[in-house]
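Every heavy atom of this structure was used, including side-chain atoms; hydrogens, water molecules and symmetry mates were not.
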Amino acid sequence: MFQVHRLLRCYLNRILFLNNSNFSEASMSTSPPKTQHQVALVACGAFNPITYMHLRMMECARDHLVQNVTNLSVIGGYLSPVSDGYGKAGLVKATHRKQMIDLALNSVTEQWIKLLPWECDQPAWTPTLQVLKQTQKLISEQENCQCQTMLVCGSDFLDSFGTKGLWLEEDVIDIVQNHGLVVLGRPNFNAIEFIKKNDLIYSLRENIYFVQELVTNDLSSTKVRFGIRSRRSVKYLIPDLLIGYIAQNNLYEKEEGESELAPYTHNKERMNK
């Protein structure tokens with residue numbers, strides 16, 4: 001009976017939500033976390049390789065929070081590349097990805113984003129939730145403050161919360177509820193519609209900040225790798241220094257195969273305990 005009541009309540013809330021003609025990205029959370037006022041923006045991913053879109057995503061996230069959220073201070077932006085143990089086909093070694101991130105960051109003046117190497121220095125894949133908690137501790141120590149890490153991602157990343165086996169529900173709840181998300185709109189991934197249709201994410205929507213880019217930008221690492229394999233120019237998609245580094249080290253020249261990502265195996269093991 002409790003489950004029936006829960007489903008009915010969720011359904012009624014959904015109807016009210018969908019009938020709210022004033023709903024837009026502005027109706028997401030606009031108030032800062034109750035106990036944390038200093039925020040460190042963290043983007044997790046392969047960065048295989050880093051592109052201008054990754055940097056733009058961080059810039060848009062900071063810009064949105066600074067302009068729309070009161071009593072909140074963004075103390076910095078951090079890129080956390082995934083470990084070699086992630087298991088993704090075509091993922092080059094972390095040493096290369098860290099070097100390319102450093103080159104990209106150093107190519108921009110007045111840089112406020114930093115490389116956070118803790119995650120990729122681990123021999124095995126680390127769940128995103130653990131990364132946020134560990135990096136929160138590290139950044140707080142480095143900056144001599146008590147900060148909260150907030151996950152920055154694209155709407156394609158948000159959509160992955162609905163992929164069976166890729167995420168554990170308790171991890172998603174902890175990430176969104178205790179850290180928060182800043183989601184940048186991406187072509188072909190409608191974040192607002194996903195939130196409306198996903199019961200769990202909908203219930204956590206007050207901790208999600210949605211940012212719509214000024215221009216449509218479908219740039220991705222996947223397309224850069226394809227361009228390199230196809231011997232097409234990737235100039236102005238990534239910094240020139242990265243193009244030289246990639247050529248010098250013969251990266252991304254081979255076709256990518258298929259493999260099972262580490263989160264699937266890890267989550268199966270956790271669920272069977």
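With hydrophobic clusters built from ILVMFWY side chains whose heavy atoms lie under 4.5 angstrom apart, Ile75 shares a cluster with Leu181. If you chain together hydrophobic residues whose side chains sit under 4.5 Å apart, Phe189 and Leu184 never meet in one group. In the hydrophobic clustering of ILVMFWY residues, with side-chain heavy atoms under 4.5 Å counting as a link, Val108 and Val234 come out together. Transitive grouping of hydrophobic side chains (ILVMFWY, heavy atoms separated by less than 4.5 Å) brings Leu79 and Leu237 into a common cluster. Val176 and Leu166 fall within the same hydrophobic cluster, defined by Ile, Leu, Val, Met, Phe, Trp and Tyr side-chain heavy atoms under 4.5 Å apart, directly or through other members.
A donor-acceptor pair under 3.5 Å is absent between the side-chain atoms of Thr126 and the main chain of Glu119, judged by distance alone. In this structure, the side chain of Ser83 engages the main chain of Gly85 through a donor-acceptor pair within 3.5 Å. A donor-acceptor pair under 3.5 Å is absent between the side-chain atoms of Asp102 and the main chain of Leu115, judged by distance alone. Listed for the Arg97 side chain is a donor-acceptor partner under 3.5 Å among the backbone atoms of Val92. Of the possible donor and acceptor atoms, none in the side chain of Arg186 sits under 3.5 Å from a partner among the backbone N and O of Thr216. Counting only distance, with no hydrogens or angles, the side chain of Asn249 and the backbone of Leu251 share no donor-acceptor pair below 3.5 Å. For Asp84 (side chain) and Lys93 (main-chain N/O), no donor-acceptor pair under 3.5 Å exists by modelled atom type. Gln38 contributes no side-chain N or O that, together with a main-chain N or O of Ser73, makes up a donor-acceptor pair within less than 3.5 Å. Side chain of Gln136 to main chain of Thr149: a donor-acceptor pair is present (N/O by atom type, distance under 3.5 Å, no hydrogens or angles). His64 contributes no side-chain N or O that, together with a main-chain N or O of Ala61, makes up a donor-acceptor pair within less than 3.5 Å.
Relative to the ring axis of Tyr202, Arg205 places its NZ or CZ within 45° and under 6.0 Å from the centre.
Of all non-hydrogen atoms in Ala104 and Leu55, the two that sit nearest each other are O-CD1, 4.4 Å. Here the shortest heavy-atom pairing between Gly154 and Met57 reads N-SD, 3.7 Å. Residues Tyr252 and Asn48 approach most closely at OH-OD1, 2.7 Å, considering heavy atoms. For Tyr78 against Gly76, the heavy-atom pair with the smallest separation is CE1-C, 3.7 Å. Considering all non-hydrogen atoms of both residues, Leu72 and Val74 come closest at CD2-CG2, 3.8 Å. Nearest heavy atoms, Ile238 versus Ile50: CG2-O, 3.4 Å.
Ring-centre distance between Tyr245 and His96: below the 6.0 Å cut-off.
Around the CG atom of Asn144, the shell of radius 6.0 Å holds no more than 12 heavy atoms that belong to other residues, nucleotides or ligands. Applying the 6.0 Å contact sphere to NZ of Lys114 captures no more than 12 heavy atoms from other residues, nucleotides or ligands.
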Begin with the C-alpha distance, continue with both residues' side-chain angles, and end with the deciding distance and a verdict on side chain to side chain contact (heavy atoms under 4.5 Å, CB included) for Ile246 and Ile243.
CA-CA 5 Å; Ile246 290 169; Ile243 296 175; 5.9 Å; no
Which is it for Glu141 and Lys137 under the side chain to side chain contact (heavy atoms under 4.5 Å, CB included) test, yes or no, and what are the steps along the way?
CA-CA 6 Å; Glu141 292 174 352; Lys137 178 181 178 182; 3.6 Å; yes
Before giving the answer on side chain to side chain contact (heavy atoms under 4.5 Å, CB included), spell out for Val224 and Leu219 the whole-Å C-alpha distance, their side-chain angles and the decisive distance to 0.1 Å.
CA-CA 8 Å; Val224 169; Leu219 175 60; 4.0 Å; yes
Between Arg62 and Val152, does the side chain to side chain contact (heavy atoms under 4.5 Å, CB included) criterion hold? Intermediate values first, please.
CA-CA 10 Å; Arg62 181 180 68 162; Val152 178; over 6 Å; no
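Looking at Met53 and Asn217, their side chains come closer than 4.5 Å, going by heavy atoms from C-beta outward. Annotation: side chain of Val69 is not in contact with side chain of Val39 (no heavy-atom distance under 4.5 Å). Between Gln212 and Cys60, the closest side-chain pair of non-hydrogen atoms is not below 4.5 Å. Residues Leu65 and Leu41 have side chains in contact (heavy-atom distance under 4.5 Å, counting atoms from C-beta outward). Using a 4.5 Å heavy-atom threshold, the side chains of Arg56 and Leu214 count as touching. At a threshold of 4.5 Å between non-hydrogen side-chain atoms, the residues Thr128 and Asp171 do not count as touching. Counting heavy atoms from C-beta on, the side chains of Asp63 and Val211 never come closer than 4.5 Å. Val172 has its side chain within reach of Ile201: a pair of non-hydrogen atoms, C-beta onward, lies under 4.5 Å apart.
A side-chain donor-acceptor contact under 3.5 Å links Trp167 and Ser160.
Summarising the geometry, atom CD belonging to Gln177 is positioned 13.0 Å from atom CD belonging to Glu170; distances are rounded to the nearest 0.5 Å. Distance check, rounded to the nearest 0.5 Å: CD of Gln111 to CG of Asn106 gives 8.0 Å. From Ser220, atom OG reaches atom NE2 of His54 across 8.5 Å, with rounding to the nearest 0.5 Å. If you take CD1 on Ile208 and CE on Met150, they are separated by 11.0 Å, rounding to the nearest 0.5 Å. Between the CG atom in Leu168 and the CG atom in Asp174 there is a gap of 11.5 Å [rounded to 0.5 Å]. Note that the SG atom of Cys120 and the CD1 atom of Ile101 stand 7.0 Å from one another [nearest 0.5 Å].
Sequence neighbours left out, not one pair with a member in residues 134-156 passes ring-ring contact (aromatic ring centres under 6.0 Å, His included).
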